[in-house]
Trainee: 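One structure, pasted below without further comment.
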Amino acid sequence: MRNYGGKLKRFNLSKKKRLAKGEQFKAVLARAVCMSNGLLRLYMAENDCGYPRLGISVGREWGGAVVRSRLKRVLREVFRQSQDEIPAGFDYLVMLSRSRSDKSDKAERAREVVRRLSFEQARASFLTLVKAAAAKATREE
RNA sequence: AGAGUGGGUCGGGCGGUCGCCGGUUCGUCUUAGGCGGGCCGGAGGAAAGUCCGAGCAGGACAGGGCACGGUGAUGGUCAAUGGCCACCGGGGGCGACCCCAGGGAAAGUGCCACAGAAACUACACAGCCGAUGGCCCCGGCUUGCCGGGGCACAGGCAACGGUGAAAUGGUGCGGCAAGAGCGCACCGCGGCGCCGGUGACGGCGCCGGCAGGGCAAACCCCACCGCCUGCAAGACCAAAAAGCUGGUACUCGGCCCGGGUAUUAACAGCAGGUAGGUCGCUUGUCGAAAGACAGAGCCGACUGGCAACAGUCGGUCAAGAUAAAUGGCCGCCGCCUGCCUCAAAAGGCAGGAUACAGAACUCGGCUUACAGACCCACUCUUUUU
RNA sequence: GGCCCCAUCGUCUAGGCAGGUCUAGGACACCGGGUUUUCAACCCGGCAACAGGGGUUCGAAUCCCCUUGGGGCUA
C-alpha cells in the first residue's frame, strides 16, 4: 500500500496521456497483446510517444451512466497512480472482462462485484495484468 | 396513543492530501504554443423518460380553404401549454380527502356477441280481456226482451314475456272487462318563469304526463389551437486526392483569336465543401475599469388576490465536457439499532444504513424512480382528565 | 444527443386499423400413441403465449395513457 501520509510521489494525467479518438482505439486493438483475468481485460501496444497512454471502454451491459462513469474514474485513477510501475512507451486499453452467460445468477453476482469495484482491487488486478502482458510481449519479440 | 389524509423542505457535513475540466492571472522557455504556480467556479430533485409548451436556428410561405394532428364543463392564470388555481357536475370514502379526455347520440354512418319475443324496430311475435257489438247454447216468459254460459268474429290493451350490461321512468294506492301516467302521492325527467352567480350551474314555484337505449379513448360533427425540421439545427475555417482555369512546351498557323496534345514530383489561382477544427456553448450588451442596462433568470420581504399568480423593493449572476471533467485515499462529526453507566441530560462499546440516479443548446411544466430525516394543516377511533 | 418503430406458445407468425364462442388460430419444434422388422416420412392426440400497470366500455390481445424491454435512422 502506498504511504499517503509521508512523502508523496505526484502523478498527473493530462489529456495527451489519454486515447481520445476512435482511430487510436482501433489502432491499439489491431496491434495489441491481449491479456485478461476474471476482472479486467488489457490490450497493450507499443507507441512512439515515450510515455504510457490510457484508453478505457465500459459497455452498456454494466449499468447506467452513474455506474459506468464510476468504473471509468476508478480505472483512470489506478492508471494514474501506477505510471512508474508499468513500462513506458505503450498504449494501454482497459476493458472489463465479459461475463459469458449473461442471464445466469452467477453472472449477475459477478456484475454486482464489478459495480462495487474498489480502488485497491482494481489496482492489484491491473498491475498483475500489465506484468503478464509485458512478459508476453517480450516473448513474442 | 393508534390509524390515516393533504401539502412542503432536505437529499449527509467538515478538514487534509493527490488528481481532472473551464475561466483568469503570474512566472519561465519561446514563432504559434508548451511547462509550472496562484485565485475563482465545477451535477440533480428528479440532471431520467422525451409526454407537452416556449426561446433559438434553418427551410417553406400573398390571402383563404381542404387534409392531418391535438385539446374538450366553467371562470381565471401564465411567454405558452394538454400545465397550474378556483369553482361546478358525476363517482368513491364514516371523515380529512381522492378520482374523472367531463362538448354533441332529434346531422349522418356503423356496432351492440351470447341470451332474449324484441337491442330501436312494428301498433311485430307470444299473450291478456272480450265490458260494448256479433254468433251459438240453455232457462224464463209479457214473443222480443231479460238472465246465465260459451266462441274469440269485430274490437280493446301494452301491464305481463326474467333474458341481458342495458328493455319505452321507479315505488305505492286507486281504477278497469283486461289494462295503461288513465288518476293521485313521492322521487326521477323535460319545459317555462323568478331569484342567486361573470359563468358552468344551483334553489324555489308552476306546467307537462314522459319526450324515448348505449357506445363518439368507433367513423364523425362542432368549437378552439397548430406551417415543417431540429444544436448531429445552423454559421465559419479548411488537409489530402480528384476536378476546372491559367501557365509552360509542342502542334494547326504569316500573326492574333481559337482548337488539339503533353506536362502536373516546375508552378499559380478557383469554387465546392469531405477528414479535421472553431463558433453555436454558457447569462447578454456597452465600457479601459468601476459599473450601468437588459433577462418568462434565481432568492427574500412587502402589497393585492380564496388561490394559481401579479406588482414593488432589496440581494444575487450560477458547470460547460466532447472516448465526454466534477474523482481516489485518510481522519473527524452526523443518522439508525442493541447493550452498559445513569434520576435525567449525556457518555461509552458493538453492529448497521447512506436510496434513485450523472449536465450535453437553454428554460417552463408533466410523468416516472427514490434509503432516510424533518416541518405544517387536518380527519377518524380509543383511553384519561 | 435528437427523431422514430416494435412487443402474441420454445421459434416464426395470424387476429388488431370495423372490441364479443378468442378458455387466442397456423407452421416448425417438443411429448405420447399408431403405422413400420427398425428409422425417416405419414396419421391421431397433447403441452404451450397476448411484456407489466391503470383507464374507457356491459365486455379489451384489440381503443387511450404510463412504465419496462428490444430495434432502427441521423455526424
Trainee: Sticking with atom P, work out how far B:rG364 lies from B:rA377, rounded to a whole angstrom.
Mentor: 31 Å
Trainee: Determine, using the 4.5 Å side-chain heavy-atom cutoff (strictly less than), whether A:V66 and A:V74 are members of one ILVMFWY cluster.
Mentor: no
Trainee: Expressed in angstrom and rounded to an integer, what is the separation of A:Q83 atom CD from B:rG19 atom P?
Mentor: 11 Å
Trainee: Who are the side-chain contact (heavy atoms from CB on, under 4.5 Å) partners of A:K72, not counting sequence neighbours?
Mentor: A:I56, A:V58
Trainee: Measuring only the C1' atom in each nucleotide, how far is B:rA217 from C:rG16? A whole number of Å is fine.
Mentor: 16 Å
Trainee: Can you tell me how far P in B:rA238 sits from the matching atom in B:rC270, rounded to whole Å?
Mentor: 10 Å
Trainee: How would you list, by chain and number, every residue that makes a side chain to side chain donor-acceptor pair (under 3.5 Å) with A:R68, sequence neighbours excluded?
Mentor: none
Trainee: In whole Å, what separates the C1' atom of B:rC160 from that of B:rG179?
Mentor: 10 Å
Trainee: Does the structure show a Watson-Crick or G-U wobble partner for B:rG331, both distances under 3.5 Å? Name it, or say none.
Mentor: B:rC14
Trainee: Does any nucleotide pair with B:rA308 by Watson-Crick or G-U wobble geometry, both distances under 3.5 Å, and what is it?
Mentor: none
Trainee: Report the distance from atom CZ of A:F79 to atom P of B:rG19, rounded to the nearest whole Å.
Mentor: 15 Å
Trainee: To the nearest Å, how far apart are A:R18 CZ and B:rG327 P?
Mentor: 15 Å
Trainee: Could you measure between the two C1' atoms, the one in B:rG12 and the one in B:rA355, and give it in whole Å?
Mentor: 12 Å
Trainee: Roughly how many Å apart are C:rG1 and B:rC361, using the C1' atom of each and rounding to a whole number?
Mentor: 11 Å
Trainee: Applying side chain to side chain donor-acceptor pair (under 3.5 Å), name anything that partners A:S57, two or more places apart in sequence or on another chain.
Mentor: none
Trainee: Taking the P atom of each, how far is B:rG280 from B:rA292, in whole Å?
Mentor: 27 Å
Trainee: Could you tell me the separation between the CZ atom of A:R76 and the P atom of B:rA323, rounded to a whole number of Å?
Mentor: 14 Å
Trainee: Give the rounded distance in Å between these two atoms: CD of A:E77 and C1' of B:rC329.
Mentor: 8 Å
Trainee: Under the 3.5 Å rule, do the base of B:rC18 and the side chain of A:R80 count as making a donor-acceptor pair?
Mentor: yes
Trainee: When you compare the ring of A:F119 with the six-membered ring of B:rG328's base, are the centres less than 5.5 Å apart and the planes under 30° from each other?
Mentor: no
Trainee: Would C:rU21 be called syn or anti, given that syn covers angles within 90° of 0?
Mentor: syn
Trainee: Take the protein atom NZ of A:K72 and the nucleotide atom C1' of B:rA323, then report the distance between them rounded to whole Å.
Mentor: 7 Å
Trainee: Any strand counts, and the cut-off is 3.5 Å on both contacts for Watson-Crick or G-U wobble. Which nucleotide pairs with C:rU37?
Mentor: none
Trainee: Hunt down the Watson-Crick or G-U wobble partner of B:rA3, both distances under 3.5 Å, from any strand shown, or write none.
Mentor: B:rU379
Trainee: A:S82 and A:E85: side-chain donor and acceptor closer than 3.5 Å?
Mentor: no
Trainee: Taking syn as within 90° of 0 and anti otherwise, name the glycosidic form of B:rG348.
Mentor: anti
Trainee: When the distance from CG of A:L75 to C1' of B:rA325 is rounded to whole Å, what number comes out?
Mentor: 16 Å
Trainee: Using Watson-Crick or G-U wobble geometry with both distances under 3.5 Å, which nucleotide pairs with B:rC227?
Mentor: B:rG59
Trainee: Output the rounded distance in Å from CD (A:Q81) to P (B:rC20).
Mentor: 12 Å
Trainee: A:F119 and A:E77: side-chain contact (heavy atoms from CB on, under 4.5 Å), yes or no, with the steps?
Mentor: CA-CA 8 Å; A:F119 173 74; A:E77 191 67 17; 3.7 Å; yes
Trainee: I'd like to know if the side chain of A:S69 and the backbone of A:A65 have a donor-acceptor N/O pair within less than 3.5 Å.
Mentor: yes
Trainee: Under 3.5 Å for both donor-acceptor distances, Watson-Crick or wobble: does C:rA7 have a partner, and if so which one?
Mentor: C:rU68
Trainee: Give every pair of a protein N or O atom and an N or O atom of nucleotides 353-362 of chain B that lie under 3.5 Å apart, one pair per line with the distance.
Mentor:
from    : atom 1 : to    : atom 2 : distance (Å)
B:rG358 : O6     : A:R73 : NH1    : 3.3

Trainee: Just label B:rA43 as syn or anti from its O4'-C1'-N9-C4 or O4'-C1'-N1-C2 angle, using within 90° of 0 for syn.
Mentor: syn
Trainee: Can you see which heavy atom on A:V33 is nearest to which on A:A133, and at what distance?
Mentor: CG1-O, 4.2 Å
Trainee: Need the glycosidic conformation of B:rA318: syn if within 90° of 0, anti if not. Which one?
Mentor: syn
Trainee: Using Watson-Crick or G-U wobble geometry with both distances below 3.5 Å, tell me the partner of B:rA323, or none.
Mentor: none
Trainee: Given a cutoff of under 4.5 Å between side-chain heavy atoms of I, L, V, M, F, W and Y, with clusters grown through shared members, what are the other residues clustered with A:V28?
Mentor: A:L19, A:F25, A:L29, A:Y43, A:L93, A:M95
Trainee: Distance check, P atoms only: B:rU337 and B:rC20, in whole angstrom units.
Mentor: 44 Å
Trainee: Applying side chain to side chain donor-acceptor pair (under 3.5 Å), can you list everything that pairs with A:N47, at least two apart in sequence or on another chain?
Mentor: A:D91
Trainee: Under a 3.5 Å cut-off for both contacts, is B:rC215 paired Watson-Crick or G-U wobble with anything, and if yes, with which nucleotide?
Mentor: B:rG110
Trainee: So which one's nearest nucleotide on RNA chain B is more toward 5', A:V74 or A:F25?
Mentor: A:F25
